[in-house]
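Since this is a predicted model, take the numbers as computed values, not measurements.
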Amino acid sequence: MNYAFLANATAVTHAIVILVTILGLLISFRYKRFRPWEAGIIIITILLWSYYGNCPLAMLEQYLREMAGQTTNITSVGFTSYYAQKLLNIEISSRIVQRTTFFTGGALFAASIEWLSPYMHMEIFKVRKTLRRLARS
């Protein structure tokens, strides 16, 4: 069995899941009908992450890489931190990635809730106007 291929496929799947979750947050911000799906995805991700103590996809990739004879530390530093260092040569601590992920996801999800819309949406419009003025200058 080609464990290196399976590990690479798991890494690609993991990256796609991260991108889909981010895009889902942005889509649920605009379209209310997607909010229950996005909330479910976020809750399941947090439950799995809490239950296993790490992301199950990162653990699976670590296992497959070890079976392929590759030495990695994905589970100890985290998926995003590992690949930021490996591919972009940027050192990011896993704690920063985790806190940023939870804060950004929570803020975007909270902003998509209807009772926050009079406050959050007006601020976003102000930011858009400011950015347009800066672009014209």
*Indicate if I44 and M59 have the same hydrophobic cluster label, given that clusters are the connected sets of ILVMFWY residues with side-chain heavy-atom separations under 4.5 angstrom.*
yes

*Same apolar cluster: L60 and L48, side chain cutoff 4.5 Å*: no

_Residue pair Y82 / N73, side-chain heavy-atom distance below 4.5 Å_ = yes

*Roughly how far, to the nearest 0.5 Å, is OG1 of T72 from OH of Y63?*
13.5 Å

Please list every donor-acceptor pair under 3.5 Å in which a side-chain atom of residues 6-25 meets a protein atom from a residue at least two apart or in another chain.
unit_1	atom_1	unit_2	atom_2	d
N8	OD1	R65	NH1	3.1
N8	OD1	R65	NH2	2.8
N8	ND2	A4	O	3.3
T10	OG1	L6	O	2.8
T13	OG1	A9	O	2.8
T21	OG1	V17	O	2.8

_M67 reachable from M1 in the ILVMFWY side-chain graph, under 4.5 Å edges_ = yes

*Roughly how far, to the nearest 0.5 Å, is OG of S81 from CD1 of I74?*
11.5 Å

*asked:* Exactly one of E91, K86, Q85 should register a side chain to side chain donor-acceptor pair (under 3.5 Å) with N89. Which one does?
replied: Q85

*For Y83, look at atom OH and say whether over 12 heavy atoms of other residues, nucleotides or ligands are found less than 6.0 Å away.*
yes

*How long is the gap from CD1 on I92 to CD1 on I90, to the nearest 0.5 Å?*
5.5 Å

*For the residue pair Q62 and E66, confirm or rule out a side-chain donor-acceptor distance under 3.5 Å.*
yes

